[in-house]
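Whatever order the structure lists them in is the order used to number ligands and atoms, beginning at 1.
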Amino acid sequence: MRIDAISIFTEYFQALDLSLLGKAQAAGLLNFKAHDLRDYTHDRHRTVDDTPYGGGAGMLMKPEPWGEAFDDILGESDDAPVIIFTSPAGEVFKQSTARELAGRKHLVFACGRYEGIDQRVVDYAATKGEVRLISIGDYVLNGGEVAAIAMIEAIARLVPGVIGNAESLVEESHSDGLLEYPSYTKPSEWRGLEVPPVLLSGNHALIAKWRHDQQVERTRQVRPDLLGE
Ligand code: 6GU
């Protein structure tokens, strides 16, 4: 899978060189590149922002550098990429979004800063690929980089081969619409706290039932919205 990110703070994306995603890149499963939007400017100050037409607070990202970045990055692409604009005004990113995007060959994350990007950049991108505006939740970040990193990690770990133990993907939170059950390891008693006896019973049917009950109870308590309640 190929993933590009366009940003004025490409250093953020060094986080993707760590751990499993770093290994996936080294193994050629994931081809990630961060592009500095300022490399597509031509003035001495490498300007990427300007004041909004119609007035209002703050600055907007101007269209020209984005147009050149897209022409450069999307031009090399063989099939239609998905162009993701990080935006608190977008659809909310879910595990189902990650699953869907993990099946695509080429993703391009356009990371906005300031008060946003000139709307024509989004309209232009739509002529080059499938555009999505995506938020990672109902709060505001200073820019899209941290959101893009969260999405890239959630997507890339679903690419076959990236996670060695594919079974660990099956029983994690959100894989079946429920939160994960609580887990325990040795020792069986620690600082007076005991592992639930059922987990030491060796009765696999009973353990499976206990875990499912825990999932439902936990989900009901902290995320009733997931149960449609
Ligand atoms: Cl994708 N971007 C920004 N700037 N803030 C956010 C977000 C994205 N998702 C939630 N808050």
Side-chain angles (χ1 to χ4, degrees), residues 1-18 21 30 32-41 46-67 69-70 73-74 81-104 106-126 128-159 173-174 179 222-223 225-226:
M1 161 178 258
R2 178 177 166 195
I3 302 179
D4 292 285
I6 308 169
S7 158
I8 58 169
F9 292 115
T10 56
E11 296 93 330
Y12 272 104
F13 295 95
Q14 287 169 14
L16 298 177
D17 294 337
L18 302 172
L21 294 201
L30 177 64
F32 174 78
K33 190 163 162 42
H35 306 262
D36 188 344
L37 183 68
R38 293 193 197 276
D39 288 346
Y40 300 96
T41 62
R46 314 213 317 148
T47 310
V48 293
D49 61 337
D50 209 335
T51 54
Y53 277 120
M59 300 290 270
L60 277 181
M61 296 191 104
K62 58 200 261 97
E64 300 96 321
W66 285 103
F70 285 144
I73 294 157
L74 305 176
V82 184
I83 304 153
I84 297 146
F85 286 86
T86 60
S87 167
E91 57 172 308
V92 176
F93 187 84
K94 302 231 171 79
Q95 188 63 20
S96 55
T97 322
R99 256 182 242 124
E100 191 188 330
L101 294 174
R104 303 295 295 250
H106 186 194
L107 309 179
V108 180
F109 285 84
C111 302
R113 284 257 149 187
Y114 311 111
E115 307 308 311
I117 309 178
D118 186 303
Q119 177 59 34
R120 290 167 296 180
V121 173
V122 180
D123 302 340
Y124 179 72
K128 300 277 172 176
E130 183 185 326
V131 163
R132 305 272 291 258
L133 258 66
I134 310 186
S135 160
I136 61 165
D138 295 337
Y139 40 82
V140 178
L141 304 169
N142 287 335
E145 287 77 8
V146 168
I149 290 167
M151 290 190 250
I152 291 167
E153 182 163 315
I155 294 162
R157 64 193 293 284
L158 300 179
V159 171
S173 291
H174 301 294
L179 302 183
V222 300
R223 292 294 305 277
D225 57 299
L226 295 178

For residues 48-61, dump all side-chain donor-acceptor pairs below 3.5 Å to protein atoms at least two apart in sequence or in another chain.
none

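- A salt bridge does not link D36 to R38: none of the charged nitrogens lies less than 4.0 Å from a carboxylate oxygen.
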List below, pair by pair, the N or O atoms of ligand 1 and of the protein that are less than 3.5 Å apart, including the distance to 0.1 Å; reply 'none' if no pair qualifies.
unit_1, atom_1, unit_2, atom_2, d
ligand 1, 4 (N), L141, O, 3.3
ligand 1, 5 (N), L141, N, 3.1
ligand 1, 9 (N), S135, OG, 3.3
ligand 1, 9 (N), I136, N, 2.9
ligand 1, 11 (N), Y139, O, 2.5

Is there a side-chain contact (heavy atoms from CB on, under 4.5 Å) between N142 and R113? Walk through the geometry before answering.
CA-CA 7 Å; N142 287 335; R113 284 257 149 187; 3.8 Å; yes

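- Qualifying side-chain hydrogen bond (donor to acceptor under 3.5 Å, both in side chains) partners for E91, counting only residues two or more places apart in sequence or in other chains: R132.
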What's the verdict on side-chain contact (heavy atoms from CB on, under 4.5 Å) for T97 and M151, showing C-alpha distance, side-chain angles and the deciding distance?
CA-CA 9 Å; T97 322; M151 290 190 250; over 6 Å; no

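- Checked against side-chain contact (heavy atoms from CB on, under 4.5 Å), A125 has the following partners two or more places apart in sequence or in another chain: F70, I83, F85, V131.
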